[in-house]
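Down below is the structure, laid out as structure tokens.
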Amino acid sequence: LLLGLWLLCLAIAYRASQKIAAGDVNIKMWPDSLTDVLFAYPIPILALMCHFNMIGVQSSLIDPTRARVRKVIDGSMLLSGAITYALGLFGYLWGGSSTQGNI
């Protein structure tokens with residue numbers, strides 16, 4: 001599964017680089033209105049609502065010390081953040097201004 005996600009990310013990055021090389025990308029860096037900001041607001045809220053799962057993860061560890069729980073948190077945040085960032089960035093570069101807000 002993880003290899004598949006990285007292959008998808010590389011494929012999107014390749015297609016994005018093709019569009020950038022052709023000069024076919026119109027990148028929008030900042031929102032135009034408050035509505036655009038509020039439309040994206042549920043994404044970080046949903047991410048913060050997943051914290052309650054940590055209780056089950058901690059209880060499933062053998063000898064759940066603070067350091068071991070911290071390793072699990074750091075590793076999962078780094079991995080999920082890297083995959084999400086890469087897919088989002090390359091997907092936006094590939095789609096440009098035709099990217100729709102509600103996918």
Side-chain angles (χ1 to χ4, degrees):
L1 177 67
L2 189 59
L3 178 63
L5 286 174
W6 281 113
L7 285 175
L8 175 64
C9 183
L10 287 174
I12 293 173
Y14 176 72
R15 295 291 294 190
S17 67
Q18 286 179 333
K19 288 190 90 165
I20 290 171
D24 197 21
V25 177
N26 182 15
I27 297 174
K28 177 181 169 185
M29 292 297 289
W30 304 105
D32 293 332
S33 67
L34 181 61
T35 306
D36 290 344
V37 175
L38 293 176
F39 191 74
Y41 190 68
I43 296 170
I45 295 302
L46 180 64
L48 292 173
M49 288 178 57
C50 295
H51 283 89
F52 65 88
N53 290 326
M54 209 44 230
I55 296 169
V57 171
Q58 182 180 4
S59 66
S60 68
L61 287 175
I62 298 171
D63 189 27
T65 63
R66 272 186 101 103
R68 294 179 91 191
V69 171
R70 187 68 189 183
K71 276 185 181 179
V72 170
I73 292 171
D74 291 345
S76 64
M77 292 300 293
L78 180 67
L79 184 63
S80 64
I83 291 172
T84 302
Y85 181 77
L87 286 174
L89 175 68
F90 295 131
Y92 183 72
L93 289 175
W94 175 71
S97 61
S98 62
T99 303
Q100 298 295 314
N102 188 4
I103 50 176

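Just so we're clear, the structure is a prediction, and the values are computed from it rather than from any experiment.
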Pairs where residues 64-73 contributes a residue and the test side-chain hydrogen bond (donor to acceptor under 3.5 Å, both in side chains) is met, not counting sequence neighbours: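 Output for this query lists R70-D74.
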With D32 via salt bridge (charged side-chain N to carboxylate O under 4.0 Å, His left out) - residues at least two apart: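 D32: salt bridge (charged side-chain N to carboxylate O under 4.0 Å, His left out) contacts with K28.
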What closest approach, in Å, do I83 and W6 show between heavy atoms, and which atom pair accounts for it?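 Shortest heavy-atom separation between I83 and W6 comes out as CG1-CZ2, 3.7 Å.
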Going by side-chain contact (heavy atoms from CB on, under 4.5 Å), name the residues that satisfy it together with [X], two or more places apart in sequence or in a different chain.
X   : answer
S33 : T35, D36
A16 : L93, W94
L10 : none

Not counting sequence neighbours, list each pair that qualifies as a salt bridge (charged side-chain N to carboxylate O under 4.0 Å, His left out) and has a residue in residues 80-95.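 Qualifying pairs, neighbours excluded: none.
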Output all residues satisfying side-chain hydrogen bond (donor to acceptor under 3.5 Å, both in side chains) with Y14, sequence neighbours left out; order by chain, then residue number.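 Partners of Y14 under the side-chain hydrogen bond (donor to acceptor under 3.5 Å, both in side chains) test: Q18.
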